Amino acid sequence: MDTWVELLHDSEVFTDSSLEIMKRIKDYGGQATCSQLAAKYGESPNFYNSGSTALARRVAGKTGCPVMSAAGDSTKWWPILYVGRDASRDAEGVFIWKLRDELAAALDRFDLSSIDLYVATADGSDCRYWWLNANPKIWSFADLKVGEAQSYTLYNDNGNKRRIFQHFLSVKAGDMVIGYETNPVKQIVALCKITAEQDGEKIQFEKVENLASPIDYAVLKSIPELEKMEFFTNPNGSLFSLTKGEYDLLMDLIRDENPLAVEQGADKYDKDDFLSQVFISEQRYDMLAAVLKNKRNIILQGAPGVGKTFAAKRLAYSIMGEKDDTRIEFVQFHQNYSYEDFIMGYKPSEDGFELKTGIFYRFCQKAANQPGKDFFFIIDEINRGNMSKIFGELLMLIENDYRGTKATLAYNGSSFSVPANLYIIGMMNTADRSLAMIDYALRRRFSFFEMEPGFDSEGFVQYQNALHNETFDQLIEKIKELNREITSDRSLGKGFCIGHSYFSNWTECSDEKMRAVVDFDILPMLDEYWFDDAAKLQRWSNILHGVLQ
């Protein structure tokens, strides 16, 4: 024993990592497998395996003690430190090593109080890291919302212990969990936190974040630094240990694809900002905002140039109270747009086809991560898509009364819901004769707000006065007169009026610029409107050109 005490004080033999291994084995009861030590205290099983081998080599080199003759086998060094036996079927690991009595007695006389028992994190805590394989229904953001409690049983439906059982016994409150699903796609889908130690039946955890962009298995497998991860070296089981280094690397991958929202730096934006940029009256704005907040789904419809797209984004800003583009998503529908693009579907990959989530599915996950903030999904040309084909079962879920209601998706069998904090704003051009009537099923679920030319709005009048151009003033008066005639035309109507955006956001007002708008924007549109009335078209060409003489 005296020799062991002397060796313990020799820093060239018992390094800091060697002392960590000794302290953890002592704390575990003097005997354990490498897997058990890794599960409880952190690091990988190889840390304890290779660390013990290296320590035994140094002891043999220092003392000249005999070594077993099993050439080429690293375990020949282990009997210098331990005596061993096969692990039972219930224990994790292959072999249980027990400290030699002399070494155990020497450790009792050696001060190990300064040696860390657990792997320390950057903030000094003894939090550990886990990888949990679970049914996709557990990870569904509709079934497990951010901040809600969830449990995972230590025994499966047949009453057998889950693997790796020792890991389940070792988790404790504060530990972090990488959430992984193995079907229908192998991918990391969530981040969780252990909220309570196991009670003999289950572990308790809560979801910290849904991953709008999951991390595929192929990406993980291609990273050399992760090849010794316990999940890859011993994939049979539900709960696997992660080292701090492995967890940090995984978090780097996750953050590359799922950056955290920036809490500071967004410019403030309110109703006054909206009215200064979007040319509608204050009364109309109040009505628009109230309808969207009440219905959660709205379609801005109107003639070309009334600023539907421009208004949609700024309407979102004004309700959010800030210009935060991370909470806005924008898409444009077309005839080939599909459910697979919007929600979920199989896409070609190197190995055939792979299930991928669509843009709306991912945005719903993103909104579910921050239930206290509003999110806006903006759809341009909403009536150009096949509504039933694109929305599928979401035609019910987007309804205000069904927000948060769960439905099972056909592709992956997981629950899905549309969060209550997500608003949908669509845009529809009423002057496009080629489009069929919008789907009545969708019409019932949206409110429709008519966007009108804003030439008489307070904002446009202030903008017009600031230009100080008499020709511009005369041209605007003629456009307003033209709109009155279009409105009274039984074959057209107010949905075909000329919008104010053709004349907006000008910093200079030259005759050339006004003539270009008339010749290349207004008159071609009138030519389409009155293709069967050449006299009327010519009359308005003369009127508008007469202003610009």
Side-chain angles (χ1 to χ4, degrees), residues 129-152 175-195 203-217 219-220 242 247 250-263 324-329 331 341-345 354-377 393-394 397-398 402-409 411-424:
Y129 308 96
W130 307 99
W131 172 290
L132 179 61
N133 287 356
N135 188 297
K137 292 182 179 180
I138 284 185
W139 302 129
S140 165
F141 65 86
D143 288 319
L144 179 58
K145 296 178 173 61
V146 170
E148 287 188 348
Q150 177 63 284
S151 63
Y152 198 80
D175 289 357
M176 301 304 297
V177 178
I178 299 286
Y180 183 83
E181 64 180 24
T182 55
N183 67 78
V185 180
K186 298 178 180 180
Q187 56 188 4
I188 296 174
V189 294
L191 300 177
C192 301
K193 187 175 184 178
I194 300 294
T195 56
I203 57 173
Q204 299 280 354
F205 63 92
E206 67 178 29
K207 185 185 288 185
V208 175
E209 182 180 347
N210 304 296
L211 299 189
S213 297
I215 309 301
D216 292 340
Y217 174 87
V219 174
L220 301 168
L242 292 170
Y247 179 82
L250 290 169
M251 286 304 300
D252 286 341
L253 291 173
I254 289 169
R255 287 291 163 243
D256 284 344
E257 299 296 326
N258 302 269
L260 291 173
V262 178
E263 294 293 334
D324 186 355
D325 288 324
T326 65
R327 290 191 274 147
I328 298 175
E329 190 64 74
V331 298
D341 300 312
F342 200 56
I343 305 298
M344 182 179 296
E354 188 173 347
L355 187 61
K356 293 288 187 180
T357 55
I359 189 169
F360 188 73
Y361 183 98
R362 295 192 297 271
F363 195 69
C364 286
Q365 283 188 309
K366 192 173 183 180
N369 280 337
Q370 301 180 67
K373 293 187 176 182
D374 295 328
F375 286 73
F376 295 83
F377 195 88
E393 63 267 55
L394 266 65
L397 300 185
I398 64 174
Y402 289 99
R403 291 300 181 93
T405 300
K406 294 182 289 186
T408 301
L409 298 179
Y411 277 106
N412 67 352
S414 294
S415 296
F416 177 85
S417 65
V418 180
N421 61 324
L422 189 149
Y423 297 84
I424 302 175

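Quick caveat, the model's predicted, so the values are computed rather than measured. Heads up: numbering here begins at 1 and tracks the sequence.
The shortest heavy-atom contact between Q187 and P214 is OE1-CB, 3.3 Å. When all heavy atoms of T405 and S417 are compared, the closest pair comes out as O-CB, 3.2 Å. The shortest non-hydrogen separation linking Q370 to N421 is O-ND2, 3.0 Å. Of all non-hydrogen atoms in K186 and Y180, the two that sit nearest each other are CB-OH, 3.0 Å. Shortest non-hydrogen contact noted between C364 and P419 is O-CG, 3.4 Å. Between A368 and N210, the closest heavy-atom pair is CB-ND2, 3.8 Å.
For the pair W131 and I188, the minimum side-chain heavy-atom distance is below 4.5 Å. A heavy-atom distance below 4.5 Å is not found between the side chains of F360 and V331. At a threshold of 4.5 Å between non-hydrogen side-chain atoms, the residues L220 and L253 count as touching.
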Criterion side-chain contact (heavy atoms from CB on, under 4.5 Å) on L132 and F205, from CA distance to verdict: CA-CA 11 Å; L132 179 61; F205 63 92; 4.2 Å; yes
May I have the step-by-step check of salt bridge (charged side-chain N to carboxylate O under 4.0 Å, His left out) for R362 and E257, ending in yes or no? CA-CA 12 Å; R362 295 192 297 271; E257 299 296 326; over 6 Å; no
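Here I328 contributes atom CD1 and F363 contributes atom CZ; the two are 7.5 Å apart, rounded to the nearest 0.5 Å. To the nearest 0.5 Å, the span separating NZ on K373 from CG on L422 amounts to 15.0 Å. In this structure, I178 CD1 and L242 CG are separated by 6.5 Å, a value rounded to the nearest 0.5 Å. Rounded to the nearest 0.5 Å, atoms CD (Q365) and CZ (F416) are 8.5 Å apart. For the atom pair CD1 (I424) and CZ (F375), the distance works out to 14.0 Å, reported to the nearest 0.5 Å. Here the CG-CD1 distance, from N258 to I215, works out to 5.5 Å after rounding to the nearest 0.5 Å.
The local environment of OH in Y361 is crowded, with over 12 non-hydrogen atoms from other residues, nucleotides or ligands closer than 6.0 Å.
Judged by distance alone, the side chain of N369 and the main-chain N or O of E209 form no donor-acceptor pair under 3.5 Å. The backbone N or O of Q150 sits nowhere less than 3.5 Å from a side-chain atom of K207 that would complete a donor-acceptor pair.
Contacts of D374 classified as salt bridge (Lys or Arg N to Asp or Glu O under 4.0 Å), with partners at least two apart in sequence or in another chain: none.
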